[in-house]
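Hydrogens, waters and symmetry mates are skipped; everything else that's a heavy atom, side chains included, is used. Model, not experiment: these values are computed from the prediction. Order of appearance sets the numbers: ligands from 1, and atoms from 1 within every ligand.
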Amino acid sequence: MTFRQYIELLKPRIALMIALTAITGYAAVATKVDPVAVLLLTLAMVLGSAASAVFNHVWDRDIDRLMRRTGRRPMATGAGTPALGFTLAVVLMVAGMALAHAAFNWVVALHLFLGGFVYVAIYTVWLKRRHWTNIIIGGAAGSFAVLAGAAAVDQTQWLLPMVLALVLFLWTPSHFWSLAILLAEDYRQAGVPMLPVVVGAKRTAWCILGNSLILVAASLLPWWLGLLGDAYGIMAAVSGAVLLGFNLVLVKDTSRRWAGWNFAASMPYLLLLFIAVFVDKHW
Ligand code: HEM
Ligand SMILES: CC(C)=CCC/C(C)=C/CC/C(C)=C/COP(=O)(O)OP(=O)(O)O
């Protein structure tokens, strides 16, 4: 395997996003942001996320082979062996948990493990090939990243981290179903029952809109409960309105173009929410 293929196994962009999610959990409860703690938290989260991603590459190599987007992955082509992948996944997860425990505490390590467990055991192994709810339940993986970050500071302040974990849980279906409309043919071919394969693009677009309505409502809870201030409330409301705007267009027009735009919009939406938490707490 080449160096590039090793990097591809780790799904680095997702690992970075998981780290940012944890940093947001951290910033939500910390009175002061310690750069060393942020660096250590980032490293631990990247290790845990990458471990789960490598396992996902190994487990899904048969269906990845059948899809255009994933067919060139190193485990799908046979460039890397399952034994190598499993070993790498275990080493990375143990390293991530050991770092989380040494730098912070066992609660952070446990949440890192649980995030990986949801992605690997519940989503990848159990539900992905069986039921369209795979992605709803898989959303809990991101929630654990928020809780891991918060636990790095203080395990008694749980309300704001729990609400932000709920937001992550609700964000994932809106993030993913738009992409699934785009990739529906691939998923059908591989026999993966993603929502658009099961109910079609139009109903999926309605599900995205309905889900995002709950998501945007949940994102306003921290403001409504007085946990965060008006700066957060305004940013969450405006970015939520933009997301809902994209979702509405998708309901009218389920073309690949708008499915792509909706997927693309989900990332800056979540980033803006993260920035809003940060600005509100620390500016
Ligand atoms: C089980 C839940 C999730 C599913 C099924 C899912 C699915 C996907 C898929 C299929 C892609 C396209 C990847 C590619 O083009 O190779 C993607 C991209 C991405 N996802 Fe998710 N996602 C989930 C949860 C999350 C979470 C919790 C985060 C982080 C908070 C996240 C962050 C990202 C990022 C940053 C990308 C774009 C970068 C990239 O293309 O590698 N996802 N997601
Ligand atoms: C706290 C912690 C360690 C969390 C880790 C959770 C994690 C890595 C979540 C990512 C979820 C994700 C991108 C799934 C991709 O779906 P897929 O695997 O079906 O996509 P693919 O078709 O691109 O493989």
| said: Students often mix this up, so state it plainly: with edges at 30° and 60°, are the rings of Tyr187 and Phe176 parallel, tilted or perpendicular? | reply: perpendicular

| task | Counting heavy atoms only, name the option from Lys128, Met194, Arg73, His57 that's nearest to atom 23 (O) of ligand 2. | result | Arg73

| Does some non-hydrogen atom of Trp171 fall short of 4.0 Å from ligand 1? | yes

| Would you call the rings of Trp171 and His175 parallel, tilted or perpendicular if under 30° counts as parallel and over 60° as perpendicular? | parallel

| query | Side chain, backbone, both or neither: which part of Val118 comes within less than 4.0 Å of ligand 2 when only heavy atoms are counted? | reply | neither

| request: Measure from atom 21 (Fe) of ligand 1 to every N/O/S atom of His175 and report the name of the nearest one. | output: NE2

| task | Please confirm whether Lys128 comes under 4.0 Å of ligand 1, counting heavy atoms of the residue only. | result | no

| query | Got the closest protein heavy atom to atom 20 (O) of ligand 2, with its distance? | reply | Lys11 NZ, 3.9 Å

| With only distance considered, is Arg13 within less than 3.5 Å of ligand 1 through an N or O on each side? | yes

| query | Which option out of Tyr119, Trp59, Phe117, Phe55 puts a heavy atom nearest to atom 7 (C) of ligand 2? | reply | Tyr119

| message | Just to confirm my output: which protein heavy-atom neighbour is closest to atom 5 (C) of ligand 1, and how far is it? | response | Ile135 CD1, 2.6 Å

| message | If we only consider heavy atoms of Lys11, is any one of them less than 4.0 Å away from an atom in ligand 1? | response | no

| said: Among Thr21, Ile14, Leu10, which one puts a heavy atom closest to atom 10 (C) of ligand 2? | reply: Ile14

| query | Would one find an N or O of His111, backbone or side chain, under 3.5 Å from an N or O of ligand 2? | reply | no

